[in-house]
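Here is the structure we will look at.
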Amino acid sequence: MLAWYDRHRRTLPWRGEDDPYRIWLSEVMLQQTTVAAVGPRYARFLARFPDVAALAAAAWEDVAAEWAGLGYYARARNLHAAAKAVAARGGFPDTEAGLRELPGIGAYTAAAVAAIAFDRPTVPVDGNVERVVARLMAITDPLPGARRLIAPVAARFMEQEAPQARPGDFVQALFDLGATICTPRRPACALCPWREDCRARQEGIQESLPAKAPKAARKLRHGLHFLARDPAGRLLLRHRPPEGLLGGMLEIPGAPWREEPWSLDEALPHAPLPGLAWALRPGLARHGFTHMDLDMRLAEAAAPALPAPEGMVWMTPEAALTALPTAIRRLLPLADPPLAEGAGAVASDPPRARGARRRGTSP
DNA sequence: AACACGGGGAA
DNA sequence: TTCCCAGTGTT
């Protein structure tokens with residue numbers, strides 16, 4: 001495995017780093033997030049917060065804006081909290097158990113940082129390792145339950161394949177094998193260093209593993225949001241509660257997301273400023289979360305120059321574009337004139353700003 | 001053990 | 001479209 005890794009490993013921005021801060025940051029960004037999505041964001045984050053002291057000293061607003069668009073915003077909150085804890089104790093814990101105490105570091109990330117940054121002989125079990133081990137051992141139990149069978153096998157590999165040598169490289173070799181050879185669909189078994197040992201391949205069932213438990217159906221919810229613009233063209237945004245969905249992020253204020261679609265009249269009590277002439281815009285913004293789909297409509301009004309109400313802030317469209325989470329950003333192309341992604345210099349193509357088509361028989 | 005929690009890239 | 005990604009925390 002290590003010989004294969006030395007020959008075929010991917011070149012990645014966080015490869016070869018020995019700074020625990022950088023390893024940790026990469027692992028947190030990579031939680032449920034693809035390498036391709038993390039790449040540019042990793043470099044940008046480090047440019048803004050070059051070390052753990054800088055992150056610990058930063059204001060939450062700046063961390064949130066930097067994380068916007070990456071998703072799973074509890075990661076950013078926990079990252080910020082963990083940075084303060086690390087700065088306070090004078091450095092990173094160098095054991096799996098010590099790392100596990102930090103907010104946002106669970107079983108996987110503790111093992112990953114311990115192995116990669118501190119060469120501890122432990123195996124983080126991510127989606128790649130689950131897939132590689134399930135196939136190698138022909139484990140047919142469905143995930144996530146099968147993890148209790150997979151983890152001990154992975155730990156045994158570490159003992160056998162990397163006896164006190166290169167634990168960090170061994171786990172990253174497993175990642176790379178899963179990402180480039182032992183892929184979810186159409187694995188390239190002919191190129192695999194373990195092709196002769198793989199029980200799933202021997203049985204011809206590699207493409208059906210790992211088995212997964214069926215996931216719950218996504219609910220559909222509806223929202224109606226109110227975009228107020230002041231005479232300077234700034235947008236009125238609201239802070240969401242610190243926990244829960246999009247916790248701690250900014251949003252365009254609106255009526256709560258619920259099962260039934262909103263009419264403008266019905267939603268009016270939830271408008272951020274009283275007495276404005278709200279006009280409902282045509283079209284619908286749709287966003288899919290992990291557990292629900294969300295259909296949002298947009299009402300707009302011109303507002304006089306006023307101080308922002310409690311918990312809200314006036315922000316330029318340019319700043320809003322980068323500070324808003326993607327779900328909320330999808331409303332901007334519905335505005336008149338549209339505040340699309342390319343509103344600034346770049347005339348990029350507006351994302352799925354699908355109009356009222358689809359089966360949404362709008363009011 | 002089951003849920004809540006984002007978003008994007010690839011097939 | 002669907003799948004799934006270097007998962008964590010809460011209930």
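Order of the sequence lines fixes the chain letters, A, B, ..., with proteins taken first and strands second; residue numbering starts at 1 for each chain.
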Between N or O atoms, less than 3.5 Å apart, protein on one side and nucleotides 8-11 of chain B on the other: list the pairs.
none

Please classify the nucleic acid contact of [X] as base, sugar-phosphate, or nothing, using heavy-atom distances under 4.0 Å.
{"X": "A/A327", "value": "sugar-phosphate"}
{"X": "A/W67", "value": "nothing"}
{"X": "A/L246", "value": "sugar-phosphate"}
{"X": "A/F289", "value": "sugar-phosphate"}
{"X": "A/R218", "value": "nothing"}
{"X": "A/P325", "value": "sugar-phosphate"}
{"X": "A/L12", "value": "base"}

Between [N] and [M], how far is it from one [atom1] atom to the other, in whole Å?
{"N": "B/dC5", "M": "C/dC4", "atom1": "C1'", "answer": "15 Å"}
{"N": "C/dC5", "M": "B/dG6", "atom1": "C1'", "answer": "12 Å"}
{"N": "C/dG9", "M": "B/dG8", "atom1": "P", "answer": "23 Å"}

Given DNA chain C, 5'-ward residue of the pair A/K215 and A/T290, judged by closest heavy atom =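 Final value for this comparison: A/K215.
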Could you tell me the separation between the [atom1] atom of [X] and the [atom2] atom of [N], rounded to a whole number of Å?
{"X": "A/Q32", "N": "C/dG7", "atom1": "CD", "atom2": "C1'", "answer": "5 Å"}
{"X": "A/D293", "N": "B/dA4", "atom1": "CG", "atom2": "P", "answer": "14 Å"}
{"X": "A/M292", "N": "B/dA4", "atom1": "CE", "atom2": "C1'", "answer": "10 Å"}
{"X": "A/R75", "N": "B/dG6", "atom1": "CZ", "atom2": "C1'", "answer": "8 Å"}
{"X": "A/E243", "N": "B/dG6", "atom1": "CD", "atom2": "P", "answer": "11 Å"}
{"X": "A/L245", "N": "B/dC3", "atom1": "CG", "atom2": "P", "answer": "17 Å"}
{"X": "A/L143", "N": "C/dC5", "atom1": "CG", "atom2": "C1'", "answer": "13 Å"}
{"X": "A/Y42", "N": "B/dG7", "atom1": "OH", "atom2": "C1'", "answer": "21 Å"}

[X] side chain to [Y] main-chain N or O, any donor-acceptor pair under 3.5 Å?
{"X": "A/T183", "Y": "A/T180", "result": "no"}
{"X": "A/R199", "Y": "A/Q202", "result": "no"}
{"X": "A/W14", "Y": "A/E27", "result": "no"}
{"X": "A/T322", "Y": "A/A319", "result": "yes"}
{"X": "A/R131", "Y": "A/G178", "result": "yes"}
{"X": "A/R48", "Y": "A/F45", "result": "no"}

According to the interplanar angle, ranging from 0 to 90°, do the rings of A/W257 and A/F289 count as parallel (below 30°), tilted (30 to 60°) or perpendicular (above 60°)?
->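 Answer is tilted, since the angle falls between 30° and 60°.
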Counting only side-chain N and O atoms of A/H291, is one of them less than 4.0 Å from OP1 or OP2 of B/dC3?
->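 The answer is no; no side-chain N or O of A/H291 sits under 4.0 Å from OP1 or OP2.
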Kindly indicate whether a cation-pi arrangement holds for A/R258 with A/W262, taking the cut-offs as under 6.0 Å to the six-membered ring centre and within 45° of the axis.
-> yes
Given ring-ring contact (aromatic ring centres under 6.0 Å, His included), test A/F157 with A/W194 step by step and report yes or no.
-> CA-CA 12 Å; A/F157 288 170; A/W194 281 347; 5.6 Å; yes
Roughly how far, to the nearest 0.5 Å, is CG of A/D295 from CZ of A/R330?
->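 If I round to the nearest 0.5 Å, the distance is 12.0 Å.
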Closer to the 5' end of DNA chain B via nearest nucleotide, is it A/R148 or A/G288?
->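 Its nucleotide being nearer the 5' end, the pick is A/R148.
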In terms of side-chain geometry, is the basic nitrogen of A/E300 or A/R229 positioned less than 4.0 Å from the acidic oxygen of its partner?
-> yes
Mind listing the N/O atom pairs, protein and nucleotides 8-11 of chain C, below 3.5 Å?
residue, atom, partner, partner atom, Å
C/dT8, OP1, A/G106, N, 2.9
C/dT8, OP1, A/T109, N, 2.9
C/dT8, OP1, A/T109, OG1, 2.6
C/dT8, OP2, A/Y108, N, 3.1
C/dG9, OP1, A/G104, N, 2.4

Nearest to the side chain of A/F175 - B/dG6, C/dA6, B/dG7?
->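 Selected nucleotide: C/dA6.
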